[in-house]
**Q** 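Below: one structure in structure tokens.
Positions are given from 1 along the sequence. These values consider heavy atoms only, across backbone and side chains, with no hydrogens, waters or symmetry-generated copies.
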Amino acid sequence: MELGKIRNFCIIAHIDHGKSTLADRFLEITGTLDKREMKNGQMLDTMELEQERGITIKLQPVRMQWKGYEFNIIDTPGHVDFQYEVSRSLASVEGALLVVDATQGIEAQTLSNVYMAIENDLDIIPVLNKIDLPAADIPRVSEEIINLLGCSEDEIIPISAKTGQNVDMVLDAVIERVRKPKVYNKEKSEQWIVNSQDDELKALVFDSQYDSYRGVVSYVKVFQWEIRKGDMLHFLHTGKKIEALDVGYFAPRYTSNGIIENGSVGYVVTGLKTLEHAKVGDTLWKPANTLWPKEKPENAKPISGFSEAKPFIFAGIFPMDSSEYPQLKDAVEKLVLNDSALSIESSVSPALGHGYRCGFLGLLHLDIVKERLFREFDMDVIMTAPQVTYRVKFIGDKTSEYSRFKPELCHSELARPENSADSESWKSRSTNNDPVSSTGWHSVFTYAYVSNPEDLPAREKYQSIEEPIAKVEVITPTEYVGTLMQLSQERRGIFKNQQFIDSERVMLVYELPMNELIGDFYDEIKSLSSGYASMNYEFIKFKEDDMVKLDILIADEKVDALSFICHREQAHYVGGKVCAKLKEVVPRALFAIKIQAAVGWKIVAREDISALRKDVTAKLYGGDISRKRKLLEKQKKWKKKMKQFGRVSLPSEAFVNLLKK
């Protein structure tokens, strides 16, 4: 296909605004799929979980033909937790269809997607969907789009993805408004022969899937030259060399045609057995023609501007029965092959046994992973309370001591005090290996990233803890502004901005600790706004605060799976809440059990479970009171001994009940 006849674009929108339905109409109008093949809606949502919940979890590319043009379309998720999927799609295309619901208007995720599209310099086509509904307010929503994009009213295409009204106008607009594919041209000197046989290949891997029969299948966008079946290719970041066992495009199933042309999107069957060698964001590279001196992979320049997923929410996954760990290991490793955003590492808990510490993009991602483990692998698991990643600051070079926490070594220059007394105090604070410059003392710090509370060192070993801060955008009707602002301030939020979208809706911007977001913050927003508010968030920075580790003790024994990192001011409230819930789920024993929440050696909350009592006097049928008292004293003595040596075994069911909201 001629380069000028190719159009690459994606569909972006807030959740439930009609992206997948619009993609269905594209498939139908262009004849990519027959009507008899479209048995269910959302044909690009290939997972059973996607069809059931009505949400898109994984990006899905597809190739279509329309009026002599080749369209490579990528359907993207709409939920904030899968924003990484959207960023990968935007890096691989030149245009974006911005779909806005005519009944709801601009939502929080709509704004986020628009900003990302602008950063990637994409051609944006605004599409107003669901105009057939009685509640559609076309003039108001059109005005919102005009204010957001600065476009004219004529550029907005009103459609109904459900009925197919005006959908063909969207396809025509793609031909007119989306530029031809961006490709990289290598600068050559005069002695180079400029033809189609002496150029090097560069293709961006924007997704990878694992196939049980084919191995790793990489989804690629070719930026330079072309990929043919049988080509020997290199992954520049991992250094892995592979043979293209098969290449083709998506229709939407794998369709082999032996070539992916310059500027097009397709797939490459690598034959690899693990995704570690075919990471998302890597560059597939092939040297220039063999008539010229071969270039080495280490000298080739990868395609820039692509970032890896950085999970900030972590939770432990453990089997219900410790004997099921081999099955869990097999299930988790297979799941990681098809979910590049999921990170795992082995973990051992004295209470729960062997398991995994997993990193997620958000709470919905966590819920999806748990559901997939149950449906696809028949694994019912225990998930510990989610935690965010904290940055711990150490004085001096501690990179070797805390190497497994991805440490970063930093230098900060401290101004030299004028008087000698202060100068000596500053000198005593610096570490032995700090270099001294003419302008002052340089202090060396090490930052380690900790997500598991059990990995947090003793308080005397580190200087401070920094918690992740997110920029939160909440779009709400004006009548709910007061209650939502109060909620944000109660969650330690800092007000940054307030912007009116129109006369009836306003956007609140807060800086909020991510630890506050992973609880019931989103549910509270929906509850307080009667379901009308929407939220979007993104990580922006780490901020130092008074964070402490909260330990839970049952019968004076610490339960590591229930430890938390929280703000010191909230330790009493959080500890009391956990202790009260544990009192309901911990089974009673023949001795009294105390449940405590502690910060260091200080107890901040406590609950007691009374002992089960056996009626030892039931066998008495008469006699003096001293006989009864003697038996009660004997029972009291043994209960005291049992309390001293008795152990409480927390059953897995207790963890399940405790972690339920």
**Q** Do the side-chain N and O atoms of Ser264 and Glu70 include a donor-acceptor pair separated by under 3.5 angstrom?
**A**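 Per modelled atom types, Ser264 and Glu70 side chains form a pair under 3.5 Å.
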
**Q** Check Ala91 against Leu204 and note the closest heavy-atom contact, atom names and distance.
**A**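 Heavy-atom minimum between the residues: O-CD2, 3.9 Å.
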
**Q** Would you say the side-chain atoms of Ser152 and Asp154 include a donor-acceptor pair closer than 3.5 Å?
**A**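 Judged by distance alone, the side chains do not pair up.
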
**Q** Charged N to carboxylate O below 4.0 Å: is that the case for Glu143 and Arg140?
**A**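 Looking at Glu143 and Arg140, the cut-off is not met.
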
**Q** Could you tell me whether the side chain of Leu517 reaches within less than 4.5 Å of the side chain of Tyr537, counting heavy atoms only?
**A**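 In short, these two side chains touch, coming nearer than 4.5 Å.
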
**Q** Which atom pair, heavy atoms only, marks the closest approach of Val268 to Ala244?
**A**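 The answer is CG1-CB, 4.0 Å.
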
**Q** Between His17 and Ala13 (side chain of the first, backbone of the second, donor and acceptor by atom type, cut-off under 3.5 Å), is there such a pair?
**A**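 Judged by distance alone, no pair lies under 3.5 Å.
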
**Q** Begin with the C-alpha distance, continue with both residues' side-chain angles, and end with the deciding distance and a verdict on side-chain contact (heavy atoms from CB on, under 4.5 Å) for Thr270 and Val217.
**A** CA-CA 6 Å; Thr270 65; Val217 181; over 6 Å; no

**Q** Can you give me the closest heavy-atom contact between Leu366 and Phe360, atom names plus distance?
**A**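 Heavy-atom minimum between the residues: CA-CD2, 3.6 Å.
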
**Q** State, without any angle test, whether Ser256 and Asp246 hold a side-chain donor-acceptor pair at a distance under 3.5 Å.
**A**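 Result is yes, a qualifying pair exists.
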
**Q** Are any of the side-chain nitrogens in Asp231 or Lys286 under 4.0 Å away from the carboxylate oxygens of its partner?
**A**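 Judged by the 4.0 Å cut-off on N to carboxylate O distance, Asp231 and Lys286 do form a salt bridge.
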
**Q** Kindly say whether the aromatic ring centers of Tyr267 and Tyr254 come within a distance under 6.0 Å.
**A**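 Centroid distance Tyr267-Tyr254: below 6.0 Å, so yes.
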
**Q** Closest heavy-atom contact between Thr476 and Ala533?
**A**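 Shortest heavy-atom contact: CB-CB, 3.9 Å.
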
**Q** Taking atom types as modelled, is there a side-chain donor on Ser160 or Gln165 under 3.5 Å from an acceptor on the other?
**A**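 Their side chains do not contain a donor-acceptor pair, so the 3.5 Å distance test is not met.
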
**Q** Quick check: Tyr510 with Phe495 (ring centres under 6.0 Å apart)?
**A**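 Yes, they do, as the ring centres are separated by less than 6.0 Å.
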
**Q** With side-chain contact (heavy atoms from CB on, under 4.5 Å) as the criterion, how do Leu90 and Cys10 come out once you've worked through the C-alpha distance, each side chain's angles and the decisive distance to 0.1 Å?
**A** CA-CA 7 Å; Leu90 297 179; Cys10 63; 3.4 Å; yes

**Q** After noting the C-alpha distance and the side-chain angles of Phe71 and Gln65, does the key distance pass the side-chain contact (heavy atoms from CB on, under 4.5 Å) rule?
**A** CA-CA 6 Å; Phe71 287 174; Gln65 301 293 330; over 6 Å; no

**Q** Quick check: are there more than 12 heavy atoms from other residues, nucleotides or ligands sitting under 6.0 Å from NZ of Lys162?
**A**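 No - once you tally the heavy atoms of other residues, nucleotides and ligands closer than 6.0 Å, there are 12 at most.
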
**Q** Roughly how far, to the nearest 0.5 Å, is the OG atom of Ser218 from the CG atom of Leu272?
**A**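 Reported to 0.5 Å precision, the distance equals 7.0 Å.
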
**Q** Taking the side chain from Arg63 and the backbone from Val265, do they hold a donor-acceptor pair closer than 3.5 Å?
**A**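 Flag set: sc Arg63 to bb Val265 pair under 3.5 Å.
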
**Q** Please determine, by modelled atom types, if Asp172 and Trp66 share a side-chain donor-acceptor pair under 3.5 angstrom.
**A**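 Yes, side-chain donor-acceptor contact under 3.5 Å.
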
**Q** Decide yes or no on salt bridge (charged side-chain N to carboxylate O under 4.0 Å, His left out) for Asp101 and Lys130, but give the supporting numbers first.
**A** CA-CA 6 Å; Asp101 192 330; Lys130 302 185 183 180; 3.0 Å; yes

**Q** Flag yes if more than 12 heavy atoms outside Gln498 fall under 6.0 Å of its CD atom; otherwise flag no.
**A**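 Buried by this count: over 12 neighbours within 6.0 Å.
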
**Q** Hey, are Asn8 and Asn72 close enough side-chain-wise for a donor-acceptor pair under 3.5 Å?
**A**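 Their side chains do contain a donor-acceptor pair, which is all the 3.5 Å distance test asks for.
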
**Q** Does Glu94 pair with Arg7 as a salt bridge, N-O distance under 4.0 Å?
**A**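 No salt bridge links Glu94 with Arg7.
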
**Q** Quick one: does Thr255's side chain have a donor or acceptor within less than 3.5 Å of a partner on Arg253's backbone?
**A**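 Checking the backbone N and O of Arg253 against the side chain of Thr255, a donor-acceptor pair under 3.5 Å is found.
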
**Q** Please step through side-chain contact (heavy atoms from CB on, under 4.5 Å) for the pair Ile74 and Phe9, ending with a clear verdict.
**A** CA-CA 7 Å; Ile74 302 179; Phe9 63 96; over 6 Å; no

**Q** What is the minimum heavy-atom distance between Lys229 and Val247, and which atoms define it?
**A**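 Shortest heavy-atom contact: N-CG2, 3.7 Å.
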
**Q** So, the side chain of Asn166 versus the backbone of Pro158: is there a donor-acceptor pair under 3.5 Å, distance only?
**A**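 Yes.
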
**Q** Indicate yes or no for a side-chain donor-acceptor contact from Asp137 to the backbone of Thr103 under 3.5 Å, with no hydrogens or angles considered.
**A**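 Judged by distance alone, no pair lies under 3.5 Å.
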
**Q** Any side-chain heavy-atom pair from Val114 and Leu98 closer than 4.5 angstrom?
**A**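 Yes, side chains in contact.
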
**Q** Using 30° and 60° as the class boundaries, would you call the ring planes of Tyr480 and Tyr532 parallel, tilted or perpendicular?
**A**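 The rings of Tyr480 and Tyr532 lie parallel, inter-plane angle below 30°.
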
**Q** Any side-chain to backbone donor/acceptor pair from Asn129 onto Ala161? Under 3.5 Å, distance only.
**A**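 Yes, Asn129 side chain to Ala161 backbone: donor-acceptor pair under 3.5 Å.
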
**Q** Do Thr110 side-chain atoms and Ile106 backbone N/O form a donor-acceptor pair below 3.5 Å?
**A**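 Pair absent, no side-chain N/O of Thr110 close to backbone of Ile106.
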
**Q** Looking at Arg179 and Asp121, does any basic side-chain N land under 4.0 Å from a carboxylate oxygen?
**A**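 Yes, Arg179 and Asp121 are salt-bridged.
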
**Q** Just by modelled atom types, is the Ala108 backbone N or O under 3.5 Å from a matching donor or acceptor in the Ser534 side chain?
**A**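 Yes.
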
**Q** State whether the number of non-hydrogen atoms from other residues, nucleotides or ligands found under 6.0 Å of Lys273 atom NZ is greater than 12.
**A**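 Enclosed: over 12 neighbouring heavy atoms sit under 6.0 Å from NZ of Lys273.
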
**Q** Could Lys221 and Phe223 be counted as a cation-pi pair, given that NZ or CZ must be under 6.0 Å from the ring centre and within 45° of the axis?
**A**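 Geometry flag: set, cation within 6.0 Å and 45°.
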
**Q** Taking the ring of Tyr213 and the ring of Tyr210, is the distance between their centroids below 6.0 Å?
**A**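 No; Tyr213 has its ring centre 6.0 Å or more from that of Tyr210.
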
**Q** Does the side chain of Ile469 come within less than 4.5 Å of Phe542's, by heavy atoms?
**A**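 Phe542 does not reach Ile469 side chain to side chain.
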
